[in-house]
There are 2 protein chains.
Amino acid sequence: MNQGRPLEFDPHLALQKAMEVFWRRGYEAASLQNLLSAMAISKSSFYQTFGSKHELFQRCLQLFRERQVRLMTAALEQAPSGKEFLRTMLRSAASEVVADEPPKGCLIMNTATEFSGRDAIVADLVGKGASQFTEVFRCAIERAQSVGEIDSGKDAEVLARYVVTTISGLKTMAKAGMQATAIEDVAELALSALS
Amino acid sequence: MNQGRPLEFDPHLALQKAMEVFWRRGYEAASLQNLLSAMAISKSSFYQTFGSKHELFQRCLQLFRERQVRLMTAALEQAPSGKEFLRTMLRSAASEVVADEPPKGCLIMNTATEFSGRDAIVADLVGKGASQFTEVFRCAIERAQSVGEIDSGKDAEVLARYVVTTISGLKTMAKAGMQATAIEDVAELALSALS
DNA sequence: TGACTTAAGGACTGATCGGTACATAATTAC
DNA sequence: GTAATTATGTACCGATCAGTCCTTAAGTCA
C-alpha cells in the first residue's frame, strides 16, 4: 500500500481555526479567503480535505458543540454546587464583554439567528446543540435540587430550557452593547427564578 | 422651480419591503437583487433614492425600531395591566413559531448577533434600539409596581433589562427550534422572577 | 531507478457581488 | 414649443464569490 505525500498541516488545528472565523464572522461573512488565511492552507488542500465551505461549517458546528459540552460538563463536575455552576454560566456573557472585543457569543445560537429556517442540515445541528446544552443544565439543576438549592417541585427540564434561553439572551445583549455590570445584575435576577 | 419626473414608487413602502428582506435574511445574505425584487424598483431608482445598501440598512434599522416602539407603546397603553403586557411580550416568540415559518426574531437583535463589533454605525443603532426597548419595559414594570403586581423594592431598570434579555433569548430559541409550548413554559417561569 | 499515490501550487471558471455611467423618458417652468 | 430638472432603463465596471482543473512536489513501495 502506498501512502503518498503526507499532509503538511494538522486538519484538526485547521478546523479549530476555521471554527473561530465562523464564530467571529458568521457563515455568510466568512469568505473562503478569510478561512484559508486563518487555517493557513491552500485552496487545493482545503477542498481536498474539507469538501466545501458548507461541509466545513457543519464540522465546525459539531466541533463547537462537542467542545462546549465537554467544557461545561467538566466545569459542572468541578463546581462547588449545581447552583454555583449555573451562576458562573449565567455570568459568562459578562466575562466575554470585558475579555475579548467584540464578544463572539455562542456559535450555535449565532447560527440559529443567522439562518434559522433556510438550511435544514444546519437547523438540525443547531437543534442538536441546543438540546445537548439543555441536557447539561438539567444535570446541574437536578444536582442543585438534590441538595435543596432549587425547589425539587419544579420541572428540571423547563428550568434547564430557561437557563439556556437566558444565557443566550445575555450573550445577545452583550453584543448589543450591554455593560458587564448590567449583565451581572440580570444574571443574578435570573438566578432568583430558580430557587 | 422645476420638479422633474415624478417618482413611480412609494419610498416608504419600498423601505418597508427592504426591511422585511433584511429581517428575514440578515444583512450579508440580503443581496441587492433580493432587495430590488422585494422593493419592486430598478437599480437606478434604488441608488438615487437610498444611496447604498448600507445606508438603506441603517434606515431599515431605524424604521424597525420606531415601528416596534410604537407598537409596544400602544400595546402597553391598551393592556389590562403592566404585568399582563409583559406576559404577552414574553409569549410573543411562541406566537412567532406557530405563525409564519421560520420565525424572523427581532431585527435589532439579529443585527447585534450578525455584526456585533464590526460596524460602529450599526452598533450605535443597535444600542439605541436596545435601550428604547428597555425603556418601554421599564414603563410597564413601573406601572405594575404601582399597583403591587411587582415588588416596588426591585430596581425597575434591572427588571426591564431582564425582560429584554429574556425575550431576546426566547426569540433565538424559537429560531433554534424550541416548541411553542416550551417557549410558553419558559416565559411563565421568567415572569415569576418579576413578582 | 521508476511506478504509484497523495498533497500542494496556481491558473482559471462562471456567477454574482455592490456600484457607476449614460442615454432616455417624464414632468414643470417659461 | 424649448429648457431645465429629475426618474428610469440598460449596459457596464472591477472585485470577489465559491469552486475546479491540471501541473508539480513529496512521499512509499518494488
Side-chain angles (χ1 to χ4, degrees), chain A residues 1-61 111 114-115 118-122 125, chain B residues 1-61 111 114-115 118-122 125:
Chain A
M1 263 300 187
N2 236 338
Q3 292 180 333
R5 181 171 168 178
L7 274 176
E8 289 182 5
F9 66 96
D10 175 358
H12 185 69
L13 182 64
L15 196 62
Q16 281 184 317
K17 293 292 185 184
M19 183 188 78
E20 279 166 31
V21 174
F22 284 130
W23 197 357
R24 200 164 358 243
R25 306 182 64 92
Y27 181 79
E28 296 285 350
S31 74
L32 216 51
Q33 281 307 323
N34 295 146
L35 293 163
L36 296 181
S37 303
M39 299 166 87
I41 63 176
S42 74
K43 203 173 247 195
S44 350
S45 303
F46 174 84
Y47 279 100
Q48 177 129 329
T49 308
F50 299 103
S52 70
K53 184 185 174 184
H54 195 270
E55 287 174 66
L56 173 71
F57 186 59
Q58 293 174 44
R59 293 191 54 179
C60 287
L61 285 177
T111 303
E114 185 175 355
F115 34 155
R118 259 180 302 135
D119 187 317
I121 297 173
V122 170
L125 289 170
Chain B
M1 262 304 182
N2 235 340
Q3 291 180 332
R5 180 172 170 177
L7 274 177
E8 290 182 8
F9 65 96
D10 176 358
H12 185 68
L13 182 65
L15 196 63
Q16 281 183 318
K17 293 293 185 185
M19 183 189 78
E20 279 166 31
V21 174
F22 284 129
W23 197 356
R24 200 165 355 243
R25 306 181 62 92
Y27 181 79
E28 296 284 350
S31 75
L32 217 50
Q33 282 307 324
N34 295 146
L35 293 164
L36 295 181
S37 304
M39 299 167 87
I41 63 176
S42 74
K43 204 173 247 196
S44 353
S45 302
F46 174 85
Y47 280 100
Q48 177 130 328
T49 308
F50 299 103
S52 69
K53 184 186 174 184
H54 196 270
E55 286 174 65
L56 173 72
F57 185 59
Q58 293 173 45
R59 291 190 55 180
C60 287
L61 285 177
T111 303
E114 185 175 355
F115 34 154
R118 257 180 302 136
D119 187 317
I121 297 174
V122 170
L125 289 168

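Below, chains carry the letters A, B, ... as their sequence lines are ordered, and counting in each starts from 1. All values below come from the heavy atoms of this structure, side chains included, with hydrogens, waters and symmetry mates left out.
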(message) Less than 4.5 Å apart, side chain to side chain, heavy atoms only: is that true for Leu32(B) and Phe46(B)?
(response)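 Leu32(B) reaches Phe46(B) side chain to side chain.
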Quickly work out the [X] [atom1] to [N] [atom2] distance and round it to whole Å.
X	N	atom1	atom2	value
Gln48(A)	dA25(D)	CD	C1'	13 Å
Glu28(B)	dG18(C)	CD	P	9 Å
Gln33(A)	dA15(D)	CD	C1'	12 Å
Phe46(A)	dT20(D)	CZ	P	11 Å
Arg5(A)	dA25(D)	CZ	C1'	5 Å
Glu55(B)	dG19(C)	CD	C1'	12 Å
Leu36(B)	dG9(D)	CG	P	11 Å
Tyr47(A)	dC17(D)	OH	C1'	9 Å

(request) Could you check Glu8(B) against Ser45(A) and say which one's nearest nucleotide on DNA chain C is further toward the 5' end? (result)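 So the residue in question is Ser45(A).
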If you only use heavy atoms from C-beta on, which nucleotide in [options] is closest to the side chain of [X]?
X	options	answer
Ser42(A)	dT8(D), dG9(C), dA7(C)	dG9(C)
Ser31(A)	dA26(D), dG19(C), dC17(D)	dC17(D)
Ser52(B)	dG19(C), dG19(D), dG27(D)	dG19(C)

(request) Go through the N and O atoms of the side chain of Lys43(B) and the base of dG19(C), and report whether any donor-acceptor pair is under 3.5 Å. (result)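 Yes, the side chain and the base share a sub-3.5 Å donor-acceptor pair.
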(request) Kindly say whether, by distance alone, the side chain of Ser44(A) makes a donor-acceptor pair under 3.5 Å with the base of dG10(C)? (result)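 For Ser44(A), whose side chain was compared with the base of dG10(C), there is a donor-acceptor pair (under 3.5 Å).
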(request) Could you label the plane-to-plane angle of the Phe9(A) and Phe50(A) rings as parallel, tilted or perpendicular, counting under 30° as parallel and over 60° as perpendicular? (result)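 It falls in the tilted class, 30° to 60°.
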(message) Is the ring pair Phe57(A)/Phe115(A) parallel, tilted or perpendicular, if the boundaries are 30 and 60 degrees?
(response)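 Judged by the thresholds at 30° and 60°, the geometry between Phe57(A) and Phe115(A) is parallel.
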(request) Looking only at non-hydrogen atoms, find the nearest pair between Gly26(B) and Ala30(B) and report the distance. (result)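 Answer, listing the atom of Gly26(B) first, then Ala30(B): O-CB, 3.2 Å.
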(message) Taking salt bridge (charged side-chain N to carboxylate O under 4.0 Å, His left out) as the cut-off, I'd like each qualifying pair that reaches into residues 32-57 of chain B, sequence neighbours left out, listed once.
(response)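 Every pair satisfying salt bridge (charged side-chain N to carboxylate O under 4.0 Å, His left out) with a residue in residues 32-57 of chain B: there are none.
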(message) Does Ala29(A) reach a base, just sugar-phosphate, or nothing at all? Heavy atoms under 4.0 Å.
(response)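 Nothing, no nucleic acid heavy atom in range.
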